[in-house]
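What follows is one structure encoded as structure tokens, with my remarks underneath.
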Amino acid sequence: MKYWLMKSEPSAYSIDDLKRDKKTSWNGVRNYQARNYMRDEMRVGDKVLFYASNADPAGVSGIAEIVREAHPEKEEPWVMVDLAFVEKFPAVVPLDTLKTTRGLENMVVTRKGSRLSVQPVTKPEFDIVTKLGRK
DNA sequence: GCCAACGTTGGC
DNA sequence: GCCAACGTTGGC
């Protein structure tokens, strides 16, 4: 099983929206690297850190799961996957915490200028963030 | 809302 | 294939 981090601006789609909808099609990704991760590597059952960007604070707000593999959007050459709600953390794990927590030094999201909206995450990283989020 | 960092586009 | 111009992202 693989682990991921996916970004969304809460004003566009938040963890609360996902909780309400139960599942959603993750459309609108317009970056080739992000698309390739979705198209080539995401499998049903993979777990996702749901990241709120452009938020106060920006950070991981919960967990989702891949429930459908990549399928085409109307607009070529883009694809979407389907996500299901898993849990919402009691509080957002802020980006600042991710940056200062041991074991998360290599997370893509903590790197300066990182704009990739779909990123791979290691299992240890996923577990650390989950533990922080449930506190 | 600002603006630095980044990705994409398109002229050459 | 280079790279300047442009558009977008996302932290602050």
Side-chain angles (χ1 to χ4, degrees):
Chain A
M1 186 198 292
K2 289 199 169 75
Y3 299 87
W4 306 95
L5 180 147
M6 296 171 85
K7 295 180 184 174
S8 176
E9 301 196 17
S11 59
Y13 199 83
S14 71
I15 189 76
D16 289 318
D17 293 325
L18 183 61
K19 187 175 183 181
R20 180 197 63 217
D21 297 344
K22 308 274 197 301
K23 59 174 274 193
T24 193
S25 288
W26 204 254
N27 55 25
V29 171
R30 291 294 180 273
N31 171 281
Y32 285 101
Q33 201 180 346
R35 180 207 64 177
N36 292 347
Y37 280 133
M38 291 200 294
R39 188 191 59 190
D40 302 335
E41 298 195 45
M42 277 190 186
R43 296 295 174 259
V44 170
D46 286 0
K47 294 292 196 298
V48 177
L49 296 174
F50 196 97
Y51 183 90
S53 60
N54 258 317
D56 188 22
V60 179
S61 55
I63 297 175
E65 181 179 344
I66 306 296
V67 292
R68 185 179 170 190
E69 288 177 14
H71 47 290
E73 285 202 31
K74 286 202 185 111
E75 200 181 331
E76 291 285 343
W78 305 111
V79 302
M80 56 192 167
V81 294
D82 290 2
L83 287 189
F85 175 79
V86 174
E87 72 179 83
K88 179 188 175 182
F89 292 151
V92 169
V93 181
L95 179 59
D96 194 51
T97 300
L98 300 179
K99 285 179 176 169
T100 56
T101 299
R102 258 184 67 207
L104 303 182
E105 297 86 357
N106 294 321
M107 278 186 83
V108 179
V109 75
T110 62
R111 293 191 202 138
K112 193 182 174 197
S114 168
R115 291 170 38 179
L116 193 58
S117 65
V118 177
Q119 316 175 355
V121 167
T122 66
K123 175 160 171 46
E125 288 165 352
F126 183 89
D127 290 343
I128 290 168
V129 174
T130 300
K131 195 176 285 184
L132 288 170
R134 287 174 179 161
K135 254 199 255 187

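For the numbers below, each heavy atom of this structure counts, side chains included, while hydrogens, waters and symmetry mates do not.
- Non-hydrogen atoms lying under 4.0 Å from DNA chain C are contributed by A:L95, A:K99, all within residues 95-102 of chain A.
- Taking 4.5 Å as the limit, some side-chain heavy atom of A:E87 sits within range of a side-chain heavy atom of A:R134.
- With sequence neighbours excluded, no residue satisfies salt bridge (Lys or Arg N to Asp or Glu O under 4.0 Å) with A:K99.
- Using a 4.0 Å cut-off between a side-chain N of Lys or Arg and a carboxylate O of Asp or Glu, A:K123 and A:D127 qualify as a salt bridge.
- A:F50 and A:W26 have perpendicular rings, their planes meeting at more than 60° on a 0 to 90° scale where under 30° would count as parallel.
- Residues of residues 25-39 of chain A having a heavy atom closer than 4.0 Å to DNA chain B, listed by number: A:N31, A:Y32.
- Inter-residue side-chain proximity for A:V92 and A:V60 is flagged as unmet; no heavy-atom pair is nearer than 4.5 Å.
- With sequence neighbours left out, the side-chain contact (heavy atoms from CB on, under 4.5 Å) criterion links A:N36 to A:R39, A:D40.
- Using a 4.0 Å cut-off between a side-chain N of Lys or Arg and a carboxylate O of Asp or Glu, A:R20 and A:D17 qualify as a salt bridge.
- Alongside A:Y32, the hydrophobic cluster contains A:W78 (criterion: ILVMFWY side chains under 4.5 Å).
- Within the 4.5 Å cutoff, the side chain of A:K47 has no heavy atoms near those of the A:T130 side chain.
- A donor atom on one side chain and an acceptor atom on the other are not found under 3.5 Å apart for A:E73 and A:N27.
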Enumerate all atom pairs, one protein N or O and one N or O from nucleotides 6-9 of chain C, separated by less than 3.5 Å.
from	atom 1	to	atom 2	distance (Å)
C:dT8	O2	A:R115	NH1	3.2
C:dT8	O2	A:R115	NH2	3.1
C:dT9	O4'	A:R115	NE	3.4
C:dT9	O4'	A:R115	NH2	3.4

